[in-house]
Student: 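Provided herewith is a single structure, encoded as structure tokens, for subsequent inquiry.
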There are 2 protein chains.
Amino acid sequence: MTFPLLTDQVTQTLRAQGGRMTAQRRLILDVLQASDSHPTAEELYALARQSDPSLNLSTVYRTLNWLEERGFVSPRRFDDNHAHKHFDPVQPDGGHVHHFHCRKCDRVIEFSAPQVELLLEQIRGEIARQHGLRVDDAALVLSGLCMDCVAKS
Amino acid sequence: MTFPLLTDQVTQTLRAQGGRMTAQRRLILDVLQASDSHPTAEELYALARQSDPSLNLSTVYRTLNWLEERGFVSPRRFDDNHAHKHFDPVQPDGGHVHHFHCRKCDRVIEFSAPQVELLLEQIRGEIARQHGLRVDDAALVLSGLCMDCVAKS
DNA sequence: AACGTTAATGCAAACGATTTGCAACAAGAA
DNA sequence: TTCTTGTTGCAAATCGTTTGCATTAACGTT
């Protein structure tokens, strides 16, 4: 399966900057869009390898970095074991997923909060004006004790 | 200089759990409280070493982990080079510092937003009720392009 | 104030995610 | 098809953080 939209956008940007669309990049983009929830580089690598076993992990990293620099994916750092970086293709509709991290057992729980979106709209403009910068993504990370660890304490 | 408040709280918790208050922990706590903005483990280590050159880096890590598990410090992950973990002593007044991360040059800009505090109050309760967990800290991370990178693009 | 238990430290080695140098390869313009 | 040069694969290097272990020292007990 191919996802023309993002791939086309990326190809366009690539061309505009003298870059090249390769089979590897196309594959990584496809896998990224097919996966439903913020995979890590290793996870993408494993998935992509099913289609192209010769793909190399460093290519995945390089591609993700390139995409991140251009705002095509947004990285999320959870504090799960060894703090891998997770990647989401950026949603055109601007929906965000937020997280709760248990400081005791490192469990990560996702949640969405419509109110957050509203607030982000407000803040985005204000911060942008104040510092003259451009905000295109936001992530809220809560931390504390998860239900199990609350029970144990 | 010594900061009795946090140190006393920690000592108390320590005792309650069969732990021991050591010179190293006292030193790390002091340095942590003296530093104004979310130092990394390495930074704390460098500062603390001025008072006790025999202090070991792994002791700093172990102490910070201990403090984090008990909610005495809150960690923040910026996406600066190699994603060090930064630590803040937890504010009793619950004030939070938030961050903007430039996806291009990795610069980190701090900001505070009173509206965020309000929102957090709302969300905290809701999330806590929904998932039966306890939220005691929150961090908002925005990302996009900083003023310089906006200018260059 | 000395004693004993065991938590905490220092040290060095291990870990694991991510990055990088470099030679071989291939995308796409000419 | 050729040529240029951006990209890949490979392997080694980085670097923040963790861990095993022998030694040290905190602090409740004697």
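Residue numbers start from 1 in every chain, and the chains themselves are labelled A, B, ... in the order their sequence lines are given, proteins ahead of strands.
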Student: Under the side-chain hydrogen bond (donor to acceptor under 3.5 Å, both in side chains) test, which residues partner A:His38, sequence neighbours left out?
Tutor: A:Asp88, A:Glu110
Student: Who passes side-chain hydrogen bond (donor to acceptor under 3.5 Å, both in side chains) against B:Gln122, sequence neighbours left out?
Tutor: none
Student: Just report the end-to-end axis angle for the helix from C:dT19-D:dA12 to C:dA30-D:dT1, five pairs per end, to 10 degrees.
Tutor: 30°
Student: Of the residues in residues 51-61 of chain B, which ones touch DNA chain C at a heavy-atom distance under 4.0 Å?
Tutor: B:Ser54, B:Leu55, B:Asn56, B:Ser58, B:Thr59
Student: Please name all residues satisfying side chain to side chain contact (heavy atoms under 4.5 Å, CB included) with A:Arg134, sequence neighbours left out, ordered by chain then number.
Tutor: A:Asp136, B:Arg103, B:Leu145, B:Val150
Student: Can you list everything that forms a side-chain hydrogen bond (donor to acceptor under 3.5 Å, both in side chains) with B:Tyr61? Sequence neighbours excluded, please.
Tutor: none
Student: Separation of A:Asp106 atom CG from D:dT17 atom P, in whole Å?
Tutor: 14 Å
Student: Roughly how bent is the helix from C:dA1-D:dT30 to C:dA13-D:dT18 end to end, in steps of 10 degrees, with each end axis from five pairs?
Tutor: 30°
Student: Let's see if you can work this out: which of D:dT8, C:dT18, D:dT17 has an atom nearest to the side-chain heavy atoms of A:Arg25?
Tutor: D:dT8
Student: Is there any salt bridge (charged side-chain N to carboxylate O under 4.0 Å, His left out) pair reaching into residues 52-64 of chain B, and which pairs are they, with sequence neighbours excluded?
Tutor: none
Student: Kindly write out the residues that satisfy side chain to side chain contact (heavy atoms under 4.5 Å, CB included) with B:Thr59, not counting sequence neighbours, or none if the list is empty.
Tutor: B:Gln24, B:Ile28, B:Leu55, B:Asn56, B:Thr63
Student: What protein N or O atoms touch nucleotides 28-30 of chain C N or O atoms at under 3.5 angstrom, if any, and at what distances?
Tutor:
| unit_1 | atom_1 | unit_2 | atom_2 | d |
| --- | --- | --- | --- | --- |
| C:dG28 | OP1 | A:Arg15 | NH2 | 3.4 |
| C:dG28 | OP1 | A:Met21 | N | 3.3 |

Student: Does A:His98 use its side chain to pair, donor to acceptor, with the backbone of A:Leu140 at less than 3.5 Å?
Tutor: yes
Student: Please list, chain by chain and in numerical order, all residues satisfying side-chain hydrogen bond (donor to acceptor under 3.5 Å, both in side chains) with A:Arg107, sequence neighbours excluded.
Tutor: A:Asp148
Student: Starting at the 5' end of DNA chain C, which residue's closest nucleotide do you reach first, B:Arg49 or A:Thr40?
Tutor: B:Arg49
Student: Any salt bridge between B:Arg76 and B:Asp137, counting N to O under 4.0 Å?
Tutor: yes
Student: With sequence neighbours left out, what residues match B:Gln17 under side chain to side chain contact (heavy atoms under 4.5 Å, CB included)?
Tutor: B:Thr13, B:Trp66, B:Arg70
